[in-house]
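A short write-up of the structure that comes next.
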Protein chains: 2
Amino acid sequence: MARLPVYLRALGTFADRNVATVSSEELAGAAGVNSAKLRKDLSYLGSYGTRGVGYEVAYLRYQISRQIGLTQDWPVLIVGIGNLGQALANYGGFVSRGFRVVALLDADPARAGEVVAGLAVRPFADLSAVAAEHGPCIGVIATPASAAQQVAGALVAAGVRSILNFAPAVLAVPDSVDVRKVDLSIELQILAYHEQRKTARFVALDGPDDVRDPRFGAEVPAGAGFGGRP
Amino acid sequence: MARLPVYLRALGTFADRNVATVSSEELAGAAGVNSAKLRKDLSYLGSYGTRGVGYEVAYLRYQISRQIGLTQDWPVLIVGIGNLGQALANYGGFVSRGFRVVALLDADPARAGEVVAGLAVRPFADLSAVAAEHGPCIGVIATPASAAQQVAGALVAAGVRSILNFAPAVLAVPDSVDVRKVDLSIELQILAYHEQRKTARFVALDGPDDVRDPRFGAEVPAGAGFGGRP
DNA sequence: GTGACTTTGTGCATGCGTTCACATGAACCT
DNA sequence: AGGTTCATGTGAACGCATGCACAAAGTCAC
Ligand SMILES: NC(=O)c1ccc[n+]([C@@H]2O[C@H](COP(=O)([O-])OP(=O)(O)OC[C@H]3O[C@@H](n4cnc5c(N)ncnc54)[C@H](O)[C@@H]3O)[C@@H](O)[C@H]2O)c1
Ligand SMILES: NC(=O)c1ccc[n+]([C@@H]2O[C@H](COP(=O)([O-])OP(=O)(O)OC[C@H]3O[C@@H](n4cnc5c(N)ncnc54)[C@H](O)[C@@H]3O)[C@@H](O)[C@H]2O)c1
């Protein structure tokens, strides 16, 4: 069900062009998925289409928004106002999609008081007060990886049950808390993996299936930083 | 196979602590996955463990790095040096993981020449020259969504076959090109979805399964911006 | 050297997501 | 009003990932 937001965004582009109804084929094309998958996804929400015609853009948009829980604005608090935290705070794309940044927190005393994107940076100790003030909200971790687990613990203690983590660290939280991670290094490494196989195909035409060769272990240069097998 | 980078990172933390060997249980714990899954994943690369002992940290680290294609540094070029592009350019976590930002491109003439993270921002027209200079590389799109498709086309035309897209847009590219997307709004919306179901449980104790009720369609306020069903 | 113990590597079953294909049903034209 | 056309909604088959449970294999102690 991670595709609903994509459908919603695609519906938005149709609405901007004043399109009244779309077929599953058109919408699937705009969302980059199979049309059968789109129909099956939408059928889980209910029968919101008209056979022979398609889906009414405005109506389907509302139904998906309601399903996701975007009929209300969700408060977002960002922890760690460094490079990334500032970019996030300045990002206008959140408010237009049902989210509102309500607080910026940082442990660095030098940063407290600084104004970023119209909000004053508050000391990390204010966390529980801020969380209590806004009710159910979403916490964003943009601190170094070494602080991520500690911050996550503090967020949970403050009552936050939804966390978006940008730090390259695995977080341990209670089952009742949802954590989603965004790790750019992982994305780049996956791309590098495919890129390597693509370029390798030009070197060895019989395909990249032989890379398993265990002898490669012996070919590690002594000073490579990893060390070879003893 | 998107988990290999996670294993690699977990292995890094063990190496930092001078741990020589790890069992699949320990490593799986650090990576946040099931130990059977970890062993099966590693078995696809070959038999790099020792029964009764575990995996040698340094050796396994090298094997995974090689599998991913991290024995060489991959050049990265960033298009769109706004809030996000600058944060990415300033991020030190890339170089430590086998990536090197080699060029910053922006269409805004006012930005060209500006120095960000020790690199001069170059005009977008330099793209093909930069790509040709560095060979196989990874393109990062950090422009507004409206420009994303055009930028993607230019990247492909310049020979880039791996793209990381931060803009909330579906990109159409040839099959030979890999695109991975990072969409923060989608992540937040997924969190909101779960958060909604959690909070809804306190309101209606019989569970959130009734939200399908089609009558809800009639309850759209006239001025909600979406419009009700006619 | 032998035995007991530890941990890997994997066969197998289960469940989930994806996709094809078609029947259902609505609208439109004559 | 009847037939035609069109696109939805869904049944069923397929393929893949996950996780259990166990045999193979190697180590360590004595
Ligand atoms: N900058 C990027 O583009 C980028 C890309 C990918 C991942 N990341 C990850 O995002 C995180 C932040 O990156 P960054 O470049 O913004 O780092 P940064 O060093 O610029 O900012 C980190 C901020 O967190 C604050 N902080 C440190 N410990 C804290 C604590 N315990 N509680 C609250 N605040 C604390 C620091 O004061 C600092 O302001 C890192 O984990 C990084 O790996 C960043
Ligand atoms: N800032 C964030 O934290 C954040 C978070 C999530 C997603 N995003 C997405 O990332 C993208 C960039 O966000 P941002 O906040 O940095 O925006 P921004 O407006 O600050 O920066 C965009 C930059 O792209 C440049 N640009 C525009 N058209 C271009 C073109 N055709 N070729 C090359 N460069 C071009 C502009 O000159 C500008 O410098 C957007 O699509 C946004 O939705 C940003």
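In the text below, chain A, chain B and the rest are named by the order of the sequence lines, each starting its count at 1. Excluded from the calculations below are hydrogen atoms, water molecules and symmetry mates; all remaining heavy atoms, backbone and side chain alike, are included. What you are looking at is a predicted structure, and each value in this text was computed from that prediction instead of being measured.
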**Report entry** Student check: side-chain heavy atoms of Val177(A) and Ile163(A) closer than 4.5 Å
**Finding:** yes

Report summary line: Between Arg9(A) and Ala169(B), the two heavy atoms sitting closest are NH1-N, 3.4 Å

Nucleotide N/O to protein N/O under 3.5 Å, stretch nucleotides 22-30 of chain C:
{"residue": "dT24(C)", "atom": "O2", "partner": "Arg51(A)", "partner atom": "NH1", "Å": "2.2"}

Query raised in the report: Rounded to whole angstroms, how far apart are CG on Leu38(B) and P on dT8(C)?
Result: 9 Å

Report task. Decide if the gap between the ring center of Tyr59(B) and the ring center of Tyr48(B) is smaller than 6.0 angstrom. Result -> yes

Query raised in the report: Lys40(A) NZ to dC20(C) P: how many Å, rounded?
Result: 12 Å

Query raised in the report: In a check of side-chain contact (heavy atoms from CB on, under 4.5 Å) between Ile64(A) and each of Asp41(A), Leu70(A), Leu45(A), which one passes?
Result: Leu45(A)

Requested in this report: Report the distance from atom CG of Leu4(A) to atom P of dG17(C), rounded to the nearest whole Å.
Outcome: 13 Å

Query raised in the report: So how far is it from Tyr91(A) OH to Leu84(B) CG, rounded to the nearest 0.5 Å?
Result: 8.5 Å

Requested in this report: Ignoring backbone atoms, establish whether Asn34(A) has a side-chain N or O less than 4.0 Å from OP1 or OP2 of dC20(C).
Outcome: yes

Query raised in the report: For DNA chain D, which nucleotides open and close the run of contacts to chain A, 5' to 3', at under 4.0 angstrom from a non-hydrogen atom?
Result: dC6(D) to dA12(D)

Query raised in the report: Whole-Å distance between dT19(C) P and Asp41(A) CG?
Result: 10 Å

Requested in this report: Using only heavy-atom distances, determine whether the side chains of Thr21(B) and Glu56(B) contain a donor-acceptor pair under 3.5 Å.
Outcome: no

Query raised in the report: In whole angstroms, how far is the P atom of dT6(C) from the CG atom of Leu27(B)?
Result: 20 Å

Can you give me every donor-acceptor pair (side chain of residues 147-155 of chain B, partner residue at least two apart or in another chain, under 3.5 Å) with its distance?
{"residue": "Gln149(B)", "atom": "OE1", "partner": "Ala172(B)", "partner atom": "N", "Å": "2.9"}
{"residue": "Gln149(B)", "atom": "NE2", "partner": "Ala172(B)", "partner atom": "O", "Å": "3.1"}

Requested in this report: Could you tell me whether a side-chain N or O of Gln196(B) sits under 3.5 Å from a main-chain N or O of Arg66(A), the two making a donor and an acceptor?
Outcome: yes

Report task. Take the protein atom NZ of Lys37(B) and the nucleotide atom P of dT8(C), then report the distance between them rounded to whole Å. Result -> 17 Å

